[in-house]
Amino acid sequence: MEFKGKTAISTGAASGMGLLFAQNWAELGGNVVMCDVNEKVLNEKVEEINSKNGGRAIGVICDVRDYAQVCNARDRAVKEFGGIDIVCNFAGGSSTRIQKVDYKECPEFPDVPIEVFDWGLDVNLKGPYYFAHAVLDQMRKQNSGLIVNIGSIMGAEGSGYDMDYPTAKAGLMYGLTKSIAQFGSKYGIRCVCVSPGPVLTRAAMANMHTLLGRAAEPQEIIDLILFIASDKGQFINGENILIDGGRNAAGRNC
């Protein structure tokens with residue numbers, strides 16, 4: 001696979017799969033706009049990528065909950081590289097975990113402060129929605145483009161506690177992805193949702209059951225995204241692809 005001269009936007013790009021995608025994209029010759037709220041770490045990762053042969057990276061401070069910042073990321077991509085070929089919406093996560101909710105103080109869903117769930121819905125659903133709205137005019141002008149949403153097996157399974165996360169991910173997996181694909185079809189724009197099961201971005205993921213008896217390596221998720229973006233993946237559109245080691249096939253009681 002080669003992406004020389006192609007431009008990607010990666011959100012949540014200072015760490016995790018957002019960073020891994022940016023590294024892979026640049027290694028394959030592409031240019032990448034790396035978006036994150038952690039300026040110090042983001043700048044370090046941009047420098048690392050630019051110290052190697054391959055594509056070029058720039059960093060843009062971007063809180064995906066802020067539409068003005070999202071538009072700034074879009075504008076920087078167009079200004080620096082002339083267009084946007086792919087947007088990968090990696091920014092997200094479990095609000096209760098990231099905001100360190102005390103499970104003893106908040107033992108059930110109604111006990112968690114609504115502000116915690118507001119954060120989760122905004123980052124996991126509104127963020128990708130904002131990016132779609134911001135970049136689709138540019139992609140329409142180009143008559144080409146790809147948006148990759150990152151769903152989750154939780155969007156299919158649900159959760160009785162941190163309900164914001166599966167609610168947001170299900171919105172990406174089915175509503176937003178299909179809707180963008182419908183809009184984009186006449187402009188050469190595709191949209192695909194990649195929905196992982198457990199991934200070893202955190203050690204705890206190793207404990208989640210799959211039929212294959214393991215969690216995914218992060219690179220396995222990125223490899224699928226790169227295939228979708230490549231010349232070989234051009235017929236994939238409007239679909240949610242579960243990459244979960246068979247967790248969804250195992251049934252909800254596993």
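Small disclaimer: the values here were computed from a predicted structure and weren't measured. Note that these values count all heavy atoms, side chains included, but never hydrogens, waters or copies made by symmetry. Residues take their numbers from the sequence shown, with the count starting at 1.
If you chain together hydrophobic residues whose side chains sit under 4.5 Å apart, L172 and V194 never meet in one group. In terms of hydrophobic clustering, with Ile, Leu, Val, Met, Phe, Trp and Tyr side chains grouped at heavy-atom distances under 4.5 Å, L176 and V123 are assigned to a common cluster. Note: the hydrophobic cluster containing M1 also contains I241 (ILVMFWY, side chain heavy atoms under 4.5 Å, direct or indirect links). Residues L125 and W119 share a hydrophobic cluster, clusters being chains of Ile/Leu/Val/Met/Phe/Trp/Tyr side chains in contact below 4.5 Å. Residues L42 and V33 do not share a hydrophobic cluster, clusters being chains of Ile/Leu/Val/Met/Phe/Trp/Tyr side chains in contact below 4.5 Å.
Residues C191 and A181 share a closest heavy-atom pair of CB-N, 4.0 Å. Residues Y165 and G93 share a closest heavy-atom pair of CD1-O, 3.5 Å. The two residues V41 and A14 come nearest to each other via the heavy atoms CG1-O, 3.5 Å. Taking each heavy atom of M205 and P198 in turn, the nearest pair found is O-CB, 3.4 Å. Between A216 and I221, the shortest heavy-atom contact is CB-CD1, 4.1 Å. G151 and S195 make their closest contact through CA-OG, 3.4 Å (heavy atoms, listed as atom of the first residue, atom of the second, distance).
Taking 4.5 Å as the limit, every side-chain heavy atom of D162 sits out of range of all side-chain heavy atoms of V116. Residues K6 and W25 have side chains in contact (heavy-atom distance under 4.5 Å, counting atoms from C-beta outward). In this structure, Q23 and K52 have side chains that are not in contact, with every pair of non-hydrogen atoms separated by 4.5 Å or more. A 4.5 Å side-chain heavy-atom check between L20 and F90 finds every atom pair outside the cut-off. With a 4.5 Å cut-off on side-chain heavy atoms, N240 and T177 do not count as touching. Contact of the V60 side chain with the N72 side chain is registered, since non-hydrogen atoms from C-beta on lie closer than 4.5 Å. A 4.5 Å side-chain heavy-atom check between V192 and N149 finds every atom pair outside the cut-off. Residues R74 and I84 have side chains in contact (heavy-atom distance under 4.5 Å, counting atoms from C-beta outward).
Side-chain N/O atoms of T167 and D164 include no donor and acceptor closer than 3.5 Å. In the model, N248 has no side-chain atom that pairs as donor or acceptor with a side-chain atom of E157 under 3.5 Å.
Remark: E239 CD to K178 NZ distance equals 5.0 Å, nearest 0.5 Å. The line from CD1 of I228 to CG of D223 is 11.0 Å long, rounded to the nearest 0.5 Å. In this structure, the separation between CG on L28 and OG on S230 is 10.0 Å, given to the nearest 0.5 Å. L19 contributes atom CG, which lies 5.0 Å from atom CE of M34 (distance to the nearest 0.5 angstrom). Note that the OG1 atom of T96 and the CZ atom of F109 stand 11.5 Å from one another [nearest 0.5 Å]. Once rounded to the nearest 0.5 Å, the distance linking CE of M139 with CZ of F183 reads 11.0 Å.
Checking side-chain atoms of S10 against main-chain N and O of G18 turns up a donor-acceptor pair under 3.5 Å. For E80 (side chain) and A77 (main-chain N/O), no donor-acceptor pair under 3.5 Å exists by modelled atom type. A side-chain donor-acceptor contact under 3.5 Å links T210 to the backbone of R214. At least one donor-acceptor pair under 3.5 Å links the side chain of S185 to the backbone N or O of Q182.
Checking N31, L226, D85, V32 one by one against F3, the side chain to side chain contact (heavy atoms under 4.5 Å, CB included) holds for a single residue, L226.
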Should C88 and I150 be marked as a side-chain contact (heavy atoms from CB on, under 4.5 Å) after you check the CA-CA gap, both sets of side-chain angles, and the distance that decides it? CA-CA 8 Å; C88 287; I150 304 300; 5.7 Å; no
Side chain to side chain donor-acceptor pair (under 3.5 Å), that's the test. Do N24 and Q219 meet it? Break it down for me. CA-CA 9 Å; N24 275 246; Q219 187 64 51; 2.8 Å; yes
Please lay out, stage by stage, how L211 and R247 fare under the test side-chain contact (heavy atoms from CB on, under 4.5 Å). CA-CA 6 Å; L211 290 182; R247 181 176 173 87; over 6 Å; no
Are F117 and S95 close enough, and set up right, to give a side-chain contact (heavy atoms from CB on, under 4.5 Å), and what steps lead you there? CA-CA 6 Å; F117 293 134; S95 60; 4.0 Å; yes
Stepwise, does the side-chain contact (heavy atoms from CB on, under 4.5 Å) test hold for I222 with F227? CA-CA 9 Å; I222 302 305; F227 176 83; over 6 Å; no
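For the ring pair (Phe, Tyr, Trp, His ring centres under 6.0 Å) test, residues two or more places apart in sequence or in another chain that qualify with Y67 are Y130, H133.
A salt bridge is defined here as a Lys NZ or Arg NE, NH1 or NH2 lying under 4.0 Å from an Asp or Glu carboxylate O, and D75 with K79 fails to meet this definition. Taking a cutoff of 4.0 Å between a charged side-chain nitrogen and a carboxylate oxygen, D102 and K104 do not qualify as a salt bridge.
Annotation for D231: atom CG does not count as buried by contact number, only 12 or fewer foreign heavy atoms lying within 6.0 Å. Around atom CG of N53, no more than 12 heavy atoms belonging to other residues, nucleotides or ligands sit under 6.0 Å away.
Residue pairs meeting the salt bridge (charged side-chain N to carboxylate O under 4.0 Å, His left out) criterion with at least one member in residues 21-49, sequence neighbours excluded, are K40-E44, K45-E48.
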